[in-house]
Amino acid sequence: MSSLIDIFTTHKSDRSFTDQSVEDAVLDRIISAAYHAPTSVNSQQVSLVVTRDAAKRAQISQIAGGQPWIAKAPVFITLVLDMHKSRLAMQAIDREQIAQQSIESIVSGSTDIGIALGSIMAAARAEGLGIVPIGGIRRDPQALISLLDLPQYTFPVAGVVIGHVDQPAHQKPRLPLATFRHEEQYQPAGLEQHIDAYNQQMVQHWKNIGRDDGESWSESVSGYYHKIYFPHVLDALKKQGFGNDK
């Protein structure tokens, strides 16, 4: 088994999987890691929907924009921001939940989702499996809500593919550590130079692995962020009972 630090520092998003199944006991251990992860004020506002049915995984693949690894790998887990459970808990003592009306509830819940997602990915890699996190389920959130029969006050924030790796991915270089670690306060000095150097490093990385079509980081990120990346998220959140004006 890999050391914990090695698991985190050698992260790769694998997108090539065999169709070999993941053993139930292994999947149970992976899910247990997320189940025991911390949540804000012990709200336990994370739920997982495990999809192993091939037809459903194919549907999720299309909802996410046609990502074939979702359909190929044997397990897909959707991480759901779940304030349905807490609403029921409050109803049991005749109190009304209003927190879902605030942007804070979305930020807090998404933070807990991120913690759970990190736990799942680390546990899966510790078990010798490959993973790739999927934000593309937010491309058409209403379709996924319908497919998974999610109740009011829930929202699918992210997903993760889990399976046995076929062709291992290459680990991408990162921006210089100085753009990530700031001592005492944010340090903007030199960011432009660091980004320029990283752009060149990324282009060379793609060439090193045989891809002449590889983009710089500036080009890559602008392909997503020059527009509203997933424009249907706000409407779907509102339909699910969440607000953003408090």
Side-chain angles (χ1 to χ4, degrees), residues 13-22 24 26-28 30-35 37 39 43-88 100 105-106 109-121 123-124 129-164 224 228-244:
S13 290
D14 286 297
R15 293 179 173 86
S16 177
F17 296 92
T18 72
D19 55 8
Q20 180 182 348
S21 64
V22 174
D24 289 345
V26 171
L27 185 57
D28 288 347
I30 293 168
I31 290 173
S32 180
Y35 175 65
T39 62
S43 59
Q44 301 182 59
Q45 57 188 330
V46 179
S47 287
L48 308 182
V49 179
V50 180
T51 303
R52 287 185 277 191
D53 178 79
K56 279 193 175 180
R57 283 189 284 104
Q59 287 179 272
I60 295 171
S61 173
Q62 292 309 305
I63 289 170
Q67 299 190 43
W69 35 88
I70 298 175
K72 178 65 174 178
V75 177
F76 186 79
I77 298 178
T78 303
L79 291 93
V80 179
L81 165 54
D82 187 350
M83 297 189 74
H84 175 66
K85 291 183 288 190
S86 52
R87 181 170 178 266
L88 292 178
Q100 77 280 352
S105 67
I106 298 170
S110 297
T111 299
D112 288 354
I113 291 286
I115 294 169
L117 177 59
S119 299
I120 289 171
M121 293 192 297
L129 300 171
I131 53 88
V132 54
I134 303 292
I137 59 170
R138 299 190 303 277
R139 175 179 170 270
D140 188 356
Q142 200 59 56
L144 191 64
I145 288 166
S146 297
L147 179 65
L148 303 182
D149 199 21
L150 300 181
Q152 279 275 288
Y153 308 112
T154 67
F155 191 80
V157 175
V160 60
V161 174
I162 302 174
H164 295 271
Y224 299 103
I228 303 301
Y229 188 28
F230 293 136
H232 304 302
V233 169
L234 181 57
D235 285 345
L237 275 165
K238 289 181 175 179
K239 286 180 182 178
Q240 288 297 101
F242 292 91
N244 70 332

How long is the straight-line distance from CZ of F242 back to CD1 of I106, given to the nearest 0.5 Å? 7.0 Å
Could you tell me which non-hydrogen atom of I120 sits nearest to which non-hydrogen atom of A34, and how far apart they are? CG1-CB, 3.5 Å
Quick check for you: to the nearest 0.5 Å, what is the distance between H84 atom NE2 and S47 atom OG? 9.0 Å
List the residues meeting side chain to side chain donor-acceptor pair (under 3.5 Å) with T39, not counting sequence neighbours, and say none if there are none. none
Checking T18 now: which residues fulfil side chain to side chain donor-acceptor pair (under 3.5 Å) with it, not counting sequence neighbours? none
Between H164 and F17 (side chain of the first, backbone of the second, donor and acceptor by atom type, cut-off under 3.5 Å), is there such a pair? no
Just to verify, what does T111 make a side chain to side chain contact (heavy atoms under 4.5 Å, CB included) with, not counting sequence neighbours? V107, I115
Check residues 56-64 and write down every donor-acceptor pair under 3.5 Å in which the side-chain atom is one partner and the other belongs to a residue at least two apart or another chain.
residue: R57; atom: NE; partner: R52; partner atom: O; Å: 3.3
residue: R57; atom: NE; partner: A73; partner atom: O; Å: 3.4
residue: R57; atom: NE; partner: P74; partner atom: O; Å: 3.4
residue: R57; atom: NH1; partner: A71; partner atom: O; Å: 2.4
residue: R57; atom: NH1; partner: A73; partner atom: O; Å: 2.6
residue: R57; atom: NH2; partner: R52; partner atom: O; Å: 3.4
residue: S61; atom: OG; partner: Q67; partner atom: N; Å: 3.4
residue: S61; atom: OG; partner: Q67; partner atom: O; Å: 2.7

To the nearest 0.5 Å, atom CZ of F155 lies from atom OG of S110 at 8.5 Å
Using the side chain to side chain contact (heavy atoms under 4.5 Å, CB included) criterion, which residues pair with P68? Sequence neighbours excluded. none
To check you understand the geometry: which heavy-atom pair defines the closest contact between K85 and Q44, and what is its length? NZ-O, 3.2 Å
Value rounded to 0.5 Å, distance of OH in Y35 from CG in L48: 11.0 Å
Identify the heavy atoms of A158 and L117 that sit nearest to each other, and give their distance. CB-CD2, 4.4 Å
Say whether D112 and Q45, considering side chains only, have a donor N or O and an acceptor N or O under 3.5 Å apart. yes
Apply side chain to side chain donor-acceptor pair (under 3.5 Å) to S86 and list each qualifying residue two or more places apart in sequence or on a separate chain. Q97
Roughly how far, to the nearest 0.5 Å, is CH2 of W69 from OG of S16? 10.0 Å
Partner residues of Y229 under the ring-ring contact (aromatic ring centres under 6.0 Å, His included) criterion, sequence neighbours left out: Y224
About how many Å separate CZ of R138 and CZ of F230, when rounded to the nearest 0.5 Å? 6.0 Å
Output all residues satisfying side chain to side chain donor-acceptor pair (under 3.5 Å) with K238, sequence neighbours left out; order by chain, then residue number. none
Shortest non-hydrogen pair, V46 vs A116, comes out as CG1-CB, 4.1 Å
What residue among L79, I134, V75, T78 forms side-chain contact (heavy atoms from CB on, under 4.5 Å) with V160? L79
Q240 (side chain) donor-acceptor with P151 (main chain) under 3.5 angstrom: yes
Is it true that a side-chain atom of D53 and a backbone atom of A55 form a donor plus acceptor pair closer than 3.5 Å? yes
Which of I30, I131, V132, L129 passes side-chain contact (heavy atoms from CB on, under 4.5 Å) with M121? It is I131
Non-hydrogen atoms of G109 and L81 that approach each other most closely: CA-CD1, 3.4 Å
Expected list for residues 140-150: side-chain donor-acceptor pairs under 3.5 angstrom, two or more places apart:
residue: D140; atom: OD1; partner: A143; partner atom: N; Å: 3.4
residue: S146; atom: OG; partner: Q142; partner atom: O; Å: 3.1

